[in-house]
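Here is the structure we will look at.
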Amino acid sequence: MTAINKYFLAPKYWFTWAGLGLLYLICLLPFHWQMKLGNKVGDLMCLLFKTRRHITEVNIALCFPDLSSAEKKQLVRDVFRNNAIGIFETSMSWWMNDKRLNLPVTLKGKEHLEEALSLGKGVILLGAHFSTLDMGGRLLSRYFDVDAMYREHNNLLMDTIIKSSREKHLGQTIERESLRSVLKALRKNRVVWYAPDQDFGPRHSVYAPFFGVPAATITATSRMVKLNSSPILMFTHHRKPDNSGYELELFPIINHFPSGDDVQDAIRVNQELEKGILKNPAQYMWVHRRFKTHPNGKNHVYKN
């Protein structure tokens with residue numbers, strides 16, 4: 001046993017190991033059983049996780065004001081169900097072999113990524129935090145070799161598991177602050193998958209509408225594209241409504257980007273994200289505080 005393995009046997013990681021073990025056991029269940037269990041777990045999470053439910057309710061109310069009260073309530077419930085299923089999908093993408101993960105996949109817009117790669121400048125694949133995040137990456141790896149950017153996990157064991165599991169099927173994992181690693185990948189004409197749809201605070205951010213609501217949007221997307229004059233296009237991944245498989249979609253290259261105006265670039269990025277999210281709003285991670293940064297103070301919109 002290596003020293004690093006011994007380190008992860010420390011008591012502070014026992015709870016993490018227990019959670020990972022439970023997920024692994026659930027991963028052994030048939031796919032349709034996991035979908036049903038995910039719905040039940042999601043309903044329980046919606047009931048118990050009051051803070052996350054409040055955040056989700058606020059996000060849905062802000063972004064979908066035209067929905068009726070009943071429709072908003074149902075969407076919140078569906079978000080929790082999809083997030084719970086997403087946890088199981090993550091474990092499937094990490095640990096299922098190709099034979100068991102033989103799920104039907106529809107890939108739309110393959111030609112757009114092929115066109116972008118043909119330019120020889122690398123590609124920025126614009127993503128979003130859908131509940132199918134890891135599953136989408138695993139399934140895309142059937143068609144393209146992709147590197148993925150990510151934020152380091154505070155739990156070192158989880159960070160190690162996430163990196164090693166993703167790198168079994170994707171290319172390298174790149175920490176989100178490492179623009180040097182991004183540039184190296186782009187110069188090798190690689191695809192770098194990147195999701196800028198979370199609120200990382202006011203630093204290096206501008207306010208741009210997200211579903212009509214001013215949201216702190218990072219300007220790093222423009223800087224990444226400038227690194228190697230790389231094309232950028234949107235990538236979405238959703239579980240089909242009848243749970244019969246998955247649909248991946250690659251959108252056309254975003255032309256004339258960056259424009260030289262950070263606000264206009266942020267607006268365009270959010271517009272692309274909105275198009276992807278609207279394919280199935282319930283499969284987006286509305287449990288995150290997307291509007292955490294606010295002119296009237298941090299978490300202003302989430303205060304009761």
Side-chain angles (χ1 to χ4, degrees), residues 16 18-50 52-53 55-57 59-60 64 67 70-108 127-143 148 158 161-162 165-166 168-170 193 195 197 235-250 276-288:
T16 304
L20 289 169
L22 179 60
L23 280 178
Y24 182 79
L25 292 175
I26 293 173
C27 181
L28 300 177
L29 296 173
F31 180 78
H32 67 281
W33 288 15
Q34 294 191 54
M35 298 300 102
K36 290 181 178 180
L37 180 61
N39 284 330
K40 298 297 184 183
V41 172
D43 287 343
L44 185 62
M45 289 167 59
C46 188
L47 179 65
L48 298 179
F49 297 170
K50 295 182 180 180
R52 286 294 171 186
R53 185 178 71 231
I55 291 169
T56 306
E57 289 170 342
N59 287 338
I60 296 301
F64 300 97
L67 294 181
E71 288 171 330
K72 291 175 184 175
K73 184 176 181 180
Q74 184 60 52
L75 182 52
V76 169
R77 183 184 184 189
D78 290 342
V79 166
F80 274 89
R81 286 182 164 187
N82 279 287
N83 273 267
I85 290 173
I87 295 172
F88 300 160
E89 288 171 323
T90 295
S91 64
M92 283 188 275
S93 70
W94 288 355
W95 298 316
M96 267 192 181
N97 58 37
D98 290 337
K99 184 177 180 180
R100 283 201 63 215
L101 198 64
N102 187 28
L103 301 169
V105 177
T106 301
L107 175 62
K108 296 181 177 180
H129 284 79
F130 301 110
S131 58
T132 52
L133 186 64
D134 279 84
M135 180 64 80
R138 170 74 183 271
L139 297 176
L140 183 64
S141 71
R142 295 182 181 180
Y143 308 93
M158 282 302 304
I161 294 293
I162 290 170
S165 298
R166 289 177 176 174
K168 284 190 298 184
H169 308 287
L170 299 173
W193 185 20
D197 60 325
F235 168 54
T236 63
H237 37 91
H238 293 89
R239 186 181 347 96
K240 294 181 179 179
D242 59 358
N243 294 331
S244 62
Y246 293 84
E247 180 179 286
L248 313 181
E249 183 167 3
L250 295 157
I277 292 167
L278 286 173
K279 287 172 65 69
N280 192 325
Q283 291 189 30
Y284 185 65
M285 293 187 185
W286 295 107
V287 296
H288 290 155

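Predicted, not measured: the structure shown is a model, and the values here were computed from it.
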Carefully, step by step, assess R52 and M45 under the rule side-chain contact (heavy atoms from CB on, under 4.5 Å).
CA-CA 9 Å; R52 286 294 171 186; M45 289 167 59; over 6 Å; no

Evaluate L75 against T56 for side-chain contact (heavy atoms from CB on, under 4.5 Å), listing each step before the verdict.
CA-CA 9 Å; L75 182 52; T56 306; over 6 Å; no

Worked check of side-chain contact (heavy atoms from CB on, under 4.5 Å) between Q74 and L67
CA-CA 10 Å; Q74 184 60 52; L67 294 181; over 6 Å; no

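Heavy-atom contacts from other residues, nucleotides or ligands closer than 6.0 Å to NZ of K40 number 12 or fewer. The number of heavy atoms from other shown groups lying within 6.0 Å of OH (Y143) is above 12. Applying the 6.0 Å contact sphere to NZ of K168 captures more than 12 heavy atoms from other residues, nucleotides or ligands.
The shortest distance between side-chain heavy atoms of K50 and R53 falls below 4.5 Å. Contact of the L133 side chain with the E89 side chain is not registered, since no non-hydrogen atoms from C-beta on lie closer than 4.5 Å. Considering only heavy atoms from C-beta on, L44 stays 4.5 Å or farther from F49 through its side chain. You'll find the side chain of F88 reaches within 4.5 Å of the side chain of V41, heavy atoms only. K36 has its side chain out of reach of N39: every pair of non-hydrogen atoms, C-beta onward, lies at least 4.5 Å apart.
To the nearest 0.5 Å, atom CG of residue L37 and atom CD1 of residue I85 are 9.0 Å apart. In this structure, the separation between CG on L20 and CG on L25 is 11.0 Å, given to the nearest 0.5 Å. In this structure, CG in L140 is found 8.0 Å from CG in L170, a value given to the nearest 0.5 Å. Rounding to the nearest 0.5 Å gives a distance of 8.5 Å between CG of L28 and CD of Q34. If you take CG on L47 and CZ on R77, they are separated by 11.0 Å, rounding to the nearest 0.5 Å. Between the CD atom of Q283 and the CD1 atom of I277 there is a distance of 12.0 Å, given to the nearest 0.5 Å.
For W33, the ring-ring contact (aromatic ring centres under 6.0 Å, His included) test picks out no residue, with sequence neighbours left out. Remark: N102 pairs with no residue by the side chain to side chain donor-acceptor pair (under 3.5 Å) rule, at least two apart or across chains. With sequence neighbours left out, the side chain to side chain donor-acceptor pair (under 3.5 Å) criterion links K240 to T106. The side chain to side chain donor-acceptor pair (under 3.5 Å) test applied to S93 returns no partner, not counting sequence neighbours. For F80, there are no ring-ring contact (aromatic ring centres under 6.0 Å, His included) partners at least two apart in sequence or on another chain.
For residues 96-105, the set of pairs meeting the salt bridge (charged side-chain N to carboxylate O under 4.0 Å, His left out) definition, not counting sequence neighbours, comprises D98-R138.
No side-chain donor-acceptor contact under 3.5 Å links N243 to the backbone of H32. Remark: the backbone N or O of G38 is not paired with any side-chain donor or acceptor of R81 at under 3.5 angstrom.
Here the closest non-hydrogen pair linking G127 and W193 is CA-NE1, 3.7 Å. Closest of all the heavy-atom pairs between C27 and S91 is SG-O, 3.8 Å. Residues L101 and R142 approach most closely at O-NH2, 2.7 Å, considering heavy atoms. Heavy atoms only, all atoms of each residue included: C46 and V76 are closest at SG-CG1, 4.3 Å.
A distance below 6.0 Å separates the ring centres of F130 and H237.
Between W286 and Y284, the two ring planes are perpendicular [angle over 60°; tilted spans 30° to 60°].
No hydrogens or angles considered: nothing links the side chains of N280 and R239 as a donor-acceptor pair under 3.5 Å.
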